[in-house]
2 protein chains.
Amino acid sequence: METIKHRYSKQRETILQVVRSTVEHPTVDWIYTETRKDIPNISLGTIYRNLSQLVASGQLLKLKDEAMVRYDGNTGHHDHFRCFRCGKWFDVQILDQKSIEAFNQKHQFEIRSVNLELEGVCEDCLKT
Amino acid sequence: METIKHRYSKQRETILQVVRSTVEHPTVDWIYTETRKDIPNISLGTIYRNLSQLVASGQLLKLKDEAMVRYDGNTGHHDHFRCFRCGKWFDVQILDQKSIEAFNQKHQFEIRSVNLELEGVCEDCLKT
DNA sequence: AAGTAAATAGTAATAATTACTGTTAAGAAG
DNA sequence: CTTCTTAACAGTAATTATTACTATTTACTT
């Protein structure tokens, strides 16, 4: 793992705060719109570049929707459930550390990221 | 769940066979190229339409790579590990049915699909 | 054998993402 | 504090995976 030197930038700082300001697992587009409220002339390329960098440095998680990519400011271990009907993402807890440890003992793979995404119908949508 | 009537088509049949012919978790582009060996003038739209349909009917799984979408002809329950270095996908087994059942008892969500993707470095790449 | 609509080929349009270019500014070194 | 290097930037163009559209074909029903 080589260390890469990162300079501070107001743009990256703001983007990180924007993503952390919500639990809604925002899309790039939403992040762009929100960040422009603080920095009106920020470039879309800057959004993409910094989101990638923040994921690479472990400060954000990246999810993949049906079509779009989404981000999550909560980097503690948790899984995701997405509702087919309303499209919302929920933070859930399914996979336990034991299962991963058991896998590590069986294989020689070095796990660096875990991404468990469930899909189905959420409680609210089941009622209607 | 409404039932949708599907007519047979040689194109869909061929696409399914192509995806099932490999364990390499092929991309749409690869599937397109391979299928054209059998049906030279098949349209890319036909590939996309049928892949979606085959996923919807549970005959294929859909994975999301860094950038691209991939498909898997093995629909039995298993998880996926992707190597950062060589980019290969491996079929692995981590999540057990018990964890999912435990989740079902705690929540009212109706789970319809489970997708666990791990990333890291594979055995071969660790050696080099 | 005739009627229907599902599926197709071919092409155009869309939209997420990346690449490029000239400029700005963070942070190190003198 | 001043100079220097280059990471990061804004703005724009290019790329590319995917979807939409249209006229035609064909699987399957009656």
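Protein chains get the first letters and strands the later ones, always in sequence-line order, with residue 1 at the start of each. Hydrogens, waters and symmetry mates are skipped; everything else that's a heavy atom, side chains included, is used. Everything numeric in this text was worked out from a predicted model, so none of it was measured.
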A.B. asks: How close or far is atom C1' of C:dA9 from atom NZ of B:K10, stated in whole angstroms?
C.D. replies: 14 Å
A.B. asks: Please determine, for the side chain of A:N50, which listed nucleotide (C:dT17, D:dC9, D:dT18) has the closest atom?
C.D. replies: D:dC9
A.B. asks: Of all the nucleotides listed (C:dG10, C:dT17, C:dT8), which has the minimum atom distance to the side chain of B:S43?
C.D. replies: C:dG10
A.B. asks: Rounded off to whole Å, could you give me the OH-to-P distance for the B:Y48 and D:dA20 pair?
C.D. replies: 13 Å
A.B. asks: Heavy-atom nearest nucleotide on DNA chain C for B:Y8 versus B:G45: which residue maps closer to 5'?
C.D. replies: B:Y8
A.B. asks: Taking the side chain of A:R49 as heavy atoms from C-beta outward, which of C:dG10, D:dT18, D:dA8 is closest to it?
C.D. replies: D:dA8
A.B. asks: Which is true for A:R12 with a 4.0 Å heavy-atom rule: it touches a base, it touches only sugar-phosphate, or it touches nothing?
C.D. replies: sugar-phosphate
A.B. asks: Which word best sums up how the rings of A:F109 and B:F90 line up, parallel for under 30°, tilted for 30 to 60°, or perpendicular for over 60°?
C.D. replies: tilted
A.B. asks: Whole Å only: how far is the CD1 atom of A:I39 from the P atom of D:dA10?
C.D. replies: 7 Å
A.B. asks: Looking only at the side chain of B:T46 (C-beta and beyond, no hydrogens), which of the listed nucleotides C:dA9, D:dT5, D:dA27 gets closest?
C.D. replies: C:dA9
A.B. asks: Send over the distance from B:Q11 CD to C:dA6 C1', rounded to a whole Å.
C.D. replies: 12 Å
A.B. asks: Send over the distance from A:L44 CG to D:dA8 P, rounded to a whole Å.
C.D. replies: 18 Å
A.B. asks: Can you tell me how far C1' of D:dC9 sits from CZ of A:R36, to the nearest Å?
C.D. replies: 16 Å
A.B. asks: Rounding to an integer number of Å, can you tell me how far A:Y32 OH sits from C:dT17 P?
C.D. replies: 14 Å
A.B. asks: Name the closest nucleotide to the B:S9 side chain, picking from C:dT8, D:dA10, C:dT17.
C.D. replies: C:dT8
A.B. asks: Give A:I42 one of three labels, base, sugar-phosphate or nothing, depending on what nucleic acid heavy atoms sit under 4.0 Å from its own.
C.D. replies: sugar-phosphate
A.B. asks: Hey, what's the ring geometry for A:H107 with A:F103, parallel, tilted or perpendicular (30° and 60° as the breaks)?
C.D. replies: parallel
A.B. asks: With a distance cut-off below 6.0 Å to the six-membered ring centre and an angular limit of 45° from the axis, does B:R36 pair with B:Y32 as a cation-pi contact?
C.D. replies: yes
A.B. asks: Of the options C:dG10, C:dA25, D:dG11, whose atoms approach the side-chain atoms of A:R7 most closely?
C.D. replies: C:dA25
A.B. asks: How long is the span from the CD1 atom in A:I94 to the CG atom in B:L116, to the nearest 0.5 Å?
C.D. replies: 10.0 Å
A.B. asks: Between B:Q17 and B:E13, does any side-chain donor sit less than 3.5 Å from a side-chain acceptor?
C.D. replies: yes
A.B. asks: What is the separation between atom CD1 on A:I47 and atom P on D:dC9, rounded to the nearest whole Å?
C.D. replies: 9 Å
A.B. asks: If the cut-off is 4.0 Å, is B:N41 near the phosphate of C:dT8, judged by side-chain N/O to OP1 or OP2?
C.D. replies: no
